Structure formats: C-alpha cells, structure tokens
Amino acid sequence: MISSILHLLRTLEDLVMSNLKYLGLFAYLAVSYFFMINILEGFYEDSFIWMALFSLFLGGLIILFKPRLSYWVYFTSIFVSFSYIGRFFYSIPSLFRWIPLVMLLVTLGLVIIYPNRKISLRGAMPKNTLFVLIAFVVFGVISGIFNGTSVIQLVLGLRWVFPLVGAMIVTQFYFKDFDRTKLLRVLLIIGILNFPVALIQRVLFVELLNLGSGDMVSGLFAGYRELVFFQTFCILTVLSYKIKGERLLSFIKPYSLVTLYLLTFALSNSRAVWIFIMISVMFLFWIAGKEYFYRSLKTLIPLSLVIVTAILIFDTIMTDEYSSRESFGYLTDLELMQDYVFGEDILNPELGEDGSLKRGEALVYNLNLIKNNLGTLVLGLGPGAISQSNVSGATGSVVSEIGSRYLSRNTLSRILAENGMIGLIIFFLMLLSFYKNRRNKKEADEGIVLLRKGTVFLITILLIYYNVHMTEIFGLILAVLFYSNPSKVQTKKR
C-alpha cells in the first residue's frame with residue numbers, strides 16, 4: 001500500500017516536472033482569476049481602488065521591459081507592510097495587504113512567458129522537497145474531500161505552498177548566475193534598518209503618543225513575530241560567516257552587528273525571543289563543531305548575562321512592570337511559564353471569554369478536536385477548517401461554529417487541526433529535506449551551508465510560536481538560501 005502511494009507521488013512529480021511551464025501558466029491564470037474575483041469583490045465602486053489598479057497596470061508595463069525589476073518590487077514589498085498601517089492607524093482595503101502576493105504573481109507570470117529559458121524546480125529547491133510538497137497538497141486535497149471542504153477554503157488552507165514555491169522559482173530564474181552573498185548583504189542591511197524603525201515605533205508611537213502597546217514595535221513588518229524570525233535569521237547569518245572566517249558587511253564588525261540586532265529585540269514586545277536566540281545560536285555553534293561550541297560558551301554565557309541584565313533594566317524603566325506578564329517574569333517563574341504557554345489546565349484547555357487560547361493551549365485544544373475520530377486524527381479537519389478570512393465563504397467551518405480565531409495560533413496547531421497527523425509528519429519531512437539538502441554536497445561557500453541548517457532549525461523551534469509558514473518572508477528566505485547558485489564567495493576575511 002505504502003509503496004503504491006509512493007510510486008503514485010513519484011509519477012505525479014515526473015508529470016509536474018515534464019509539464020511545468022503549462023502547469024505554471026494554468027496556476028498563474030487560476031490564482032489570478034481567484035484573486036481578482038474574491039479580493040476585489042465589494043470594492044468596485046471605490047475610485048481610489050481603481051486608481052491604484054491603474055497605477056499597478058502602468059507599473060506592470062514598465063516591469064515588462066525590465067523583468068528583473070519585478071523581482072525587486074516583490075522583494076521590497078515584503079518589507080513595506082501595509083498591514084501594519086491597517087492594523088494600527090487607518091483602515092485600508094485588503095488589496096494593499098496582498099501586494100507581495102500580487103507582485104509574486106506578476107513576477108511568476110513573466111517567468112512563464114519569458115522566451116528561451118526553462119523553469120527548473122530541481123534547481124530551485126533541494127532534492128525531494130518538491131516530492132514532499134506534492135505529497136502535502138495531495139493529502140490536503142484528500143482531507144478536504146473527506147471533510148467536505150469547499151474549494152475556496154481548500155485553496156486558502158493550502159495557500160502557503162504557492163508563496164514558497166513561487167519565491168523559489170523566480171529567485172532561481174532571475175539569479176541563477178547571481179552571487180547569493182549579495183542578496184544576503186541586502187537582507188542584513190534591512191535588518192539594520194529595523195532598529196531605527198523600531199526605535200521610532202517604541203519611543204514615538206508607544207511611549208509619547210500612547211497609540212498602543214509594545215506590539216506596535218515590529219520594525220518593517222506587520223507584527224513583531226515576523227521581526228523575531230527575520231532578525232534572528234540575520235544574527236545566524238552573521239555568526240555563520242564569522243565561524244567560517246568571513247564577514248558579509250565590511251563596514252561593521254560582526255559582534256557589533258549582532259548587538260544592533262539584539263537592541264532591536266530590546267525595543268520590541270517579544271520576551272520569548274531570547275529563548276529562541278539562545279537555543280538557535282547554541283545549535284549553530286554545536287553543528288559548527290564541538291570544539292568551537294565549547295570555546296564559544298566562554299564568550300556566549302557572560303555576554304548573555306550582560307545583555308539580559310541590560311534589557312531587564314531597560315524594560316523596568318520603560319514599563320515599570322518588572323514582575324508582570326509583559327516583562328520577563330515568566331522566564332524565571334516555572335508556574336507562570338506554564339500558565340503563559342498552556343494555561344491553568346494543560347490537558348483540557350478551554351476558550352477564554354473572547355475565544356482566546358494560548359499557544360500551547362491551541363495545540364492541545366486542536367488535538368482534542370481530532371483525536372476521537374480516526375479519519376480526522378489522520379487527515380485532520382480539512383485545509384482552511386480553522387482559518388479566518390475576510391473573503392466571502394472562506395472562513396473555516398470550525399471557526400464559524402466555535403467563533404474563535406485563536407485555534408490557528410501557530411504552525412503546529414494549524415497543521416495538526418487542518419491536515420492531521422499525516423500532514424504534520426509530511427511538513428516535518430519538508431523541513432528535513434531542507435536541512436539535509438543533498439543537492440550540493442560540495443558547496444564551496446561553507447558559511448551558507450551552516451546558515452541553511454541553522455535557519456531550518458530556527459524555523460522548527462518557531463513552529464510553536466506563530467504561523468511562520470504563512471508569511472511571505474518564510475518563502476523569500478528559503479528561496480535565497482536554497483536555490484542552485486554557483487559559489488562566488490567574495491566576502492571579507494574577519
């Protein structure tokens with residue numbers, strides 16, 4: 001039975017690879033049609049929307065003459081968050097929050113119609129990753145059929161696959177002969193820019209104007225969780241190349257750069273980030289070599305104590321709530337830590353008055369939803385079942401019934417509920433395929449090899465924190481790290 005399923009999946013993979021251009025064109029047209037019909041519905045009378053669409057059309061004509069520009073527009077749009085404006089300041093149409101996806105669609109469309117160039121997914125992602133992603137989608141469709149999921153819920157429940165695969169295709173297509181370290185330098189500079197932006201958000205928006213809580217401090221992103229992922233990735237990037245004796249930015253020393261990234265976290269409202277940083281950095285040192293790991297502890301431990309002490313002082317001054325939940329109390333109080341993650345009753349979590357669930361509670365609650373039926377335990381409740389959407393008819397059946405948007409607090413709880421145990425296993429197999437990355441065993445750039453493994457580990461430990469796989473930055477970073485790129489290491493020796 002298992003061998004037959006594997007054979008079927010391999011056959012599907014071959015069909016995809018042999019007809020990729022036609023499938024890509026079909027997917028592009030289908031998603032574009034879906035986007036235009038559903039996202040723009042209800043906005044047709046707004047002249048402002050039509051002006052924006054006309055501007056996008058003119059911009060699209062310019063991009064046609066310079067195709068690579070479309071990639072940089074997509075790249076930039078990820079770090080210009082209209083969602084942040086809509087969340088904290090002015091209500092804006094949903095269309096603007098979809099700009100990164102729209103630009104990815106435009107860029108992918110240009111790739112599909114570009115003459116005399118072949119699309120190579122095998123060059124865009126590690127070996128077996130495409131096979132695993134196809135398996136995830138196939139079992140997702142089976143789960144949707146089993147649960148009677150509507151097409152629109154199915155598409156939205158599996159939508160994270162498109163930005164990931166799309167980002168990998170366009171990155172491979174436009175930068176096949178491009179030095180990857182240049183893209184990494186751009187990302188590191190963006191990480192630097194997050195600090196002054198976060199400083200303005202903290203001092204001006206939160207403290208002086210009192211417009212909201214520390215959640216407003218998210219740098220160039222819509223939420224501080226994306227900031228946690230991106231800035232920690234930047235730290236791992238700097239350390240990975242330093243371990244291998246290189247530095248990507250010549251104008252600032254590695255440890256000074258890391259300190260700047262850490263200061264950004266000090267301004268934000270995320271306190272759990274220090275746990276993620278400590279675990280991911282120690283893992284990076286460990287895979288770099290045990291000797292380096294033990295030697296690094298002599299520096300890492302006292303440095304960590306100094307940083308934590310400084311941030312405690314900063315937090316006390318800024319919030320005057322040292323022992324509160326908004327501070328670091330739950331990092332030292334085990335009972336408070338358990339309550340923060342799992343609530344008062346670990347095994348039987350209950351929805352709060354506003355339908356709220358904590359991160360660990362959401363995972364256990366969703367497990368309780370599917371465990372009493374073998375079908376739902378294996379296949380889940382169907383893609384999109386616990387998703388909430390502004391698109392008509394797209395809100396999941398479970399969310400509609402229970403009325404809580406907190407069921408999908410993080411990647412683990414979302415995939416477990418919607419795709420069941422088999423979906424969760426396949427998702428971890430995808431991460432494993434990225435970690436193993438058997439495509440380039442003799443990569444000349446040792447820094448990128450170390451960074452890949454460190455980043456995949458970071459993603460793994462963030463699965464319980466938020467929906468890391470649903471963000472555009474998730475696909476972009478993996479695309480930059482894993483596309484097939486001739487090694488052109490032009491970094492500066494430390």
Side-chain angles (χ1 to χ4, degrees), residues 136 139-140 143 147 149 153 156-160 223-226 228-229 270-273 275-276 279-280 325 330-331 333-388 395-432 456-471 474:
F136 188 92
F139 280 104
S143 173
N147 289 280
T149 304
Q153 290 175 4
L156 288 178
L158 297 172
R159 71 186 183 276
W160 67 271
Y224 67 86
R225 297 167 186 84
E226 290 94 329
V228 168
F229 175 40
S270 176
R271 302 300 177 250
V273 63
I275 297 176
F276 297 126
I279 295 175
S280 58
R325 293 173 185 268
Y330 64 83
L331 296 182
D333 188 328
L334 292 179
E335 184 177 349
L336 187 59
M337 184 187 301
Q338 174 187 311
D339 182 63
Y340 178 80
V341 177
F342 291 102
E344 297 179 358
D345 191 343
I346 296 178
L347 298 179
N348 299 290
E350 295 182 359
L351 297 175
E353 293 182 0
D354 58 348
S356 62
L357 282 170
K358 293 169 180 168
R359 292 180 175 89
E361 279 185 314
L363 181 62
V364 178
Y365 191 93
N366 289 347
L367 178 60
N368 291 339
L369 284 178
I370 66 173
K371 69 179 183 180
N372 294 325
N373 183 291
L374 181 60
T376 56
L377 180 63
V378 174
L379 295 173
L381 300 168
I386 63 169
S387 300
Q388 190 175 39
T395 297
S397 56
V398 178
V399 174
S400 299
E401 180 182 348
I402 297 177
S404 174
R405 63 185 178 88
Y406 290 90
L407 299 178
S408 55
R409 281 295 302 263
N410 50 60
T411 296
L412 284 182
S413 62
R414 180 188 290 267
I415 292 182
L416 177 64
E418 295 187 345
N419 302 92
M421 295 301 299
I422 194 167
L424 199 58
I425 292 171
I426 294 175
F427 189 86
F428 277 110
L429 287 176
M430 180 197 73
L431 293 179
L432 183 63
V456 174
F457 179 79
L458 171 64
I459 291 172
T460 304
I461 62 177
L462 285 175
L463 297 180
I464 190 66
Y465 187 58
Y466 82 112
N467 286 286
V468 59
H469 72 300
M470 300 294 288
T471 58
F474 171 75

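Predicted, not measured: the structure shown is a model, and the values here were computed from it. The analysis underlying the following values was restricted to heavy atoms, covering all of them including side chains, and did not include hydrogens, waters or symmetry mates. Positions are given from 1, in the same order as the sequence printed here.
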Does T149 offer a backbone N or O that forms a donor-acceptor pair with the side chain of N147 under 3.5 Å?
no
May I ask you to test the P383-R159 pair for a side-chain heavy-atom distance under 4.5 Å?
no
Apply side-chain contact (heavy atoms from CB on, under 4.5 Å) to I415 and L463, showing your working.
CA-CA 10 Å; I415 292 182; L463 297 180; over 6 Å; no
Run through L429, L412, N419 and flag the one making a side-chain contact (heavy atoms from CB on, under 4.5 Å) with L424.
L412
Partner residues of F427 under the ring-ring contact (aromatic ring centres under 6.0 Å, His included) criterion, sequence neighbours left out
W160, H469
Backbone of V468 reached by a side-chain donor or acceptor of T411 within 3.5 Å
yes
Nearest 0.5 Å, what's the CG-CZ distance between L407 and R409?
11.0 Å
To the nearest 0.5 Å, tell me how far I386 CD1 sits from N366 CG.
4.5 Å
Please confirm whether the backbone N or O of S408 pairs with a side-chain atom of N467, one donor and one acceptor, at under 3.5 Å?
yes
Side chain to side chain, I279 and F457, heavy atoms closer than 4.5 Å
yes
Check: Q153 side chain, A385 main-chain N or O, donor-acceptor pair, under 3.5 Å
no
Please name all residues satisfying side chain to side chain contact (heavy atoms under 4.5 Å, CB included) with I422, sequence neighbours left out, ordered by chain then number.
F139, V378, L379, I426
